[in-house]
Amino acid sequence: MTDVLLPLAVVVPIVAATLPLALGLRYDRVGWPVAAVGTTATAGIAAAIAVVTVIDGPFRHALGGFLPPIGIELVADRLSVAVLLLVAAVSVATLAFARVAGPRGNPFYSAYLLLVGGLVGMVLTGDLFNLFVFLEITGLTTYALIASDRSGASAYASLKYLVVGTVGASLYLLGVGYAFLATGTLNMVAVQEQIVSQAGYGDPLVRASYAFIVTGLALKIAIFPVHSWQPDAYQRAPDSVTTIVAALVSTASAYALIRVTYTVFTVDFLAANEGIATALLVVSTVSIVAGSALAAMQSNLKRMFAYSSVAQFGMIGAAVALANETALLGGIVHLVGHGIMKFGLFLGIGLLALGYGSRQIGDLASVARAAPYTSGALAVLGLGLVGIPPSIGFLGKWYIGVGAVDAGLAGGGAVGIAVAAAIFVSTLFTLSYVARLLERFYFAGAGLPGDHGDDAAGGGDASADAATDGGRAGDDAATDGGRAGDDAATDGRGPPATTAEGLPAPVKGAPRSSLVPDRVPTAPLLALGLAALATVALGFGGFALAEWFDPFLTEAFA
């Protein structure tokens with residue numbers, strides 16, 4: 001009966017999503033407790049699925065008792081379980097941040113739970129059309145969440161994402177239709193079998209199917225040049241929404257790309273259609289360099305790391321197209337690591353905005369003196385993103401780079417070498433903007449009198465008064481998603497206030513912890529610390545991660 005865990009993982013958050021709206025007819029503040037119970041239960045089910053997968057191996061569940069190729073199947077293996085655990089952990093941790101940072105309201109928590117259910121469904125489904133259904137659930141709820149603070153900028157960013165996302169989903173569905181015409185089934189494993197036995201890798205319908213599916217997923221993942229929705233969506237969404245969207249939404253779409261490529265079409269399809277593989281490789285390589293270069297030009301932290309995601313997902317796309325076991329291992333490791341790092345980075349940015357009122361690099365001079373723990377965690381995560389060992393960021397890039405060189409030498413071509421060179425150039429760009437961030441955090445105000453200990457001892461009240469005297473409207477920071485101070489240069493309010501020591505001053509009413517001098521809430525700060533710890537700890541897990549994903553890789557390259 002352990003297979004019942006699979007539908008439960010999908011059903012629990014989706015059913016729970018109805019409760020905040022239903023109970024909200026009578027209770028005003030029921031949304032957060034329901035969401036907390038729903039996401040925690042989903043995390044528990046995900047852990048149970050992981051245990052069963054480790055002990056008994058991959059398992060599946062046919063919905064309604066209808067077996068494939070007719071029925072819809074849910075499947076858990078080592079790859080899907082890794083992403084499922086990421087979804088569960090990030091959804092619980094982000095909810096803790098949303099409680100203090102907002103947005104609030106029962107509709108928000110209903111959409112949040114529905115997003116979690118859509119992501120879980122994308123990870124566990126074994127059916128191409130069912131993947132489209134969950135892709136749409138994820139997309140529709142993401143559009144709503146991005147606009148949930150009801151500002152004009154958020155609405156515009158959401159509309160832009162809606163248009164691009166709809167095109168992406170339509171292209172994906174068109175590709176699924178071609179696959180059905182060629183094979184007569186939608187079950188992933190059955191499609192693979194029918195392509196081999198009936199259609200063949202050179203069938204025009206099969207080629208068109210893969211091309212449309214990959215193009216649609218590329219729009220969802222935000223690979224250059226179809227990335228334009230992502231920076232606006234990440235920057236304009238409320239901070240808690242950006243945290244979960246940046247960590248999971250594109251990650252789930254990239255997982256779908258890996259799953260469709262290697263479970264449905266297989267590595268033999270890529271070998272038989274070098275033109276398609278080369279096209280994906282070229283686009284991904286351009287994305288690696290362009291995303292990193294654009295990130296280095298930004299001054300807004302959320303926009304900077306949004307462009308960074310364009311580059312990082314370019315690496316994952318390249319790993320998929322290389323059709324090389326080492327590169328694919330690197331792509332999977334980087335997929336999970338990037339989700340952890342981007343969760344931590346955007347959570348840290350949101351905490352600084354909530355406590356100190358800015359997301360602009362220039363407004364956070366010497367913020368490490370005022371918020372040492374938040375800044376320290378961001379520093380660790382930033383260095384992990386660069387790929388400084390030991391970190392999971394280094395591990396993923398290393399495997400992809402080695403796989404790219406191996407592919408280039410084995411094929412006698414320059415494309416693989418170009419991918420490795422692009423990763424190196426991207427790393428230099430990433431180092432440049434992360435170093436700029438660290439310089440601003442730690443050295444921009446070197447020599448200023450006083451330190452964060454004064455604030456911890458009681459200077460925080462004076463800091464709060466300084467923020468009030470500076471005319472900073474921080475009262476609504478929690479209710480509008482922590483957006484106070486964003487784009488200060490463009491709305492005429494000027495830069496955020498500073499203390500007498502020249503440090504960033506806390507906003508009025510900023511959370512205060514008795515454990516640390518940082519003016520941030522304790523629970524999200526703990527989650528941020530765990531993300532930084534996981535980034536380093538997983539960097540030591542090279543052999544363990546290779547062993548974890550070996551069953552999937554062995555099957556893919558059998």
Side-chain angles (χ1 to χ4, degrees), residues 230-231 234-235 239 242-243 246-247 291-312 337-338 340-389 391-394 397 425-448 452 482 485-489 495-496 498 502-505 517-520 524-525 528-529 531-533 535-536 539:
Q230 191 173 71
Y234 284 16
Q235 180 184 2
D239 290 333
T242 304
T243 299
S292 299
L294 289 168
M297 301 176 186
Q298 307 305 312
S299 60
N300 181 282
L301 289 172
K302 292 177 76 173
R303 201 167 186 86
M304 173 191 294
F305 289 113
Y307 279 114
S308 167
S309 292
V310 175
Q312 306 304 317
H338 178 263
I340 294 171
M341 290 185 289
K342 282 299 164 69
F343 160 73
L345 286 167
F346 281 102
L347 176 60
I349 292 167
L351 288 174
L352 290 179
L354 181 66
Y356 300 92
S358 179
R359 299 173 193 80
Q360 303 291 331
I361 294 180
D363 296 333
L364 293 170
S366 293
V367 72
R369 296 160 63 89
Y373 291 91
T374 306
S375 301
L378 280 171
V380 171
L381 291 161
L383 293 174
L385 191 66
V386 174
I388 302 297
S391 70
I392 193 170
F394 166 77
K397 288 184 180 182
V425 172
S426 170
T427 299
L428 295 180
F429 275 120
T430 307
L431 178 61
S432 70
Y433 60 77
V434 170
R436 179 159 57 103
L437 179 68
L438 298 183
E439 185 275 335
R440 199 67 186 167
F441 278 12
Y442 286 94
F443 306 110
L448 290 175
H452 60 74
D486 193 24
D487 299 325
T498 58
L503 306 179
D518 308 48
R519 293 297 296 270
V520 298
L525 179 61
L528 176 62
L533 180 62
T535 298
V536 176

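- Between the OH atom of Y442 and the OG atom of S366 there is a distance of 11.0 Å, given to the nearest 0.5 Å.
- Contact detail for R440 and G362: the closest heavy-atom pair is NH2-O, 2.9 Å.
- Two residues are said to be in side-chain contact when any heavy atoms from C-beta on lie closer than 4.5 Å; L383 and T535 fail this criterion.
- Across L378 and I349, no two heavy atoms sit closer than the pair CD2-N, 4.2 Å.
- With sequence neighbours excluded, the residues that form a side chain to side chain contact (heavy atoms under 4.5 Å, CB included) with V380 are A532, V536.
- Rounded to the nearest 0.5 Å, atoms CD (Q230) and CD (Q235) are 12.5 Å apart.
- By the side-chain hydrogen bond (donor to acceptor under 3.5 Å, both in side chains) test, T374 is found to be paired with D518, residues two or more places apart in sequence or in another chain being considered.
- For Y307, there are no side-chain hydrogen bond (donor to acceptor under 3.5 Å, both in side chains) partners at least two apart in sequence or on another chain.
- Counting all heavy atoms, side chain and backbone alike, V367 lies closest to S375 at CG1-OG, 3.6 Å.
- Atom CG in L438 sits 8.0 Å away from atom CZ in F443 (nearest 0.5 Å).
- The two residues P517 and Y373 come nearest to each other via the heavy atoms CD-CE1, 3.9 Å.
- Taking the side chain as every heavy atom from C-beta outward, F305 and F346 approach each other to under 4.5 Å.
- With R519 contributing its side chain and A370 its backbone, the two residues share no donor-acceptor pair below 3.5 Å.
- Within the 3.5 Å criterion, the main-chain N or O of G387 finds no donor-acceptor partner in the side chain of S391.
- Counting only heavy atoms from C-beta outward, the side chains of M304 and R359 never approach each other to under 4.5 Å.
- Residues passing the ring pair (Phe, Tyr, Trp, His ring centres under 6.0 Å) test with F343, sequence neighbours excluded: none.
- Here the closest heavy-atom approach between residue D239 and residue A353 is recorded as OD2-CB, 3.8 Å.
- Between the side chain of K397 and the backbone N or O of L385, at least one donor-acceptor pair lies under 3.5 Å.
- With rounding to the nearest 0.5 Å, the separation of CG in L345 from CG in L528 is 8.5 Å.
- By the neighbour-count criterion of 12 heavy atoms within 6.0 Å, atom CZ of F394 is densely surrounded, having more than that number from other residues, nucleotides or ligands.
- Shown here are the side-chain hydrogen bond (donor to acceptor under 3.5 Å, both in side chains) partners of T242, two or more places apart in sequence or in another chain: K302.
- Distance check: L352 CG to L347 CG gives 9.5 Å after rounding to the nearest 0.5 Å.
- Side-chain contact annotation: Y433 with S308, donor-acceptor N/O pair under 3.5 Å present.
- The side-chain hydrogen bond (donor to acceptor under 3.5 Å, both in side chains) search around S292 returns S426, not counting sequence neighbours.
- When all heavy atoms of A531 and L381 are compared, the pair lying nearest together is O-CD2, 3.8 Å.
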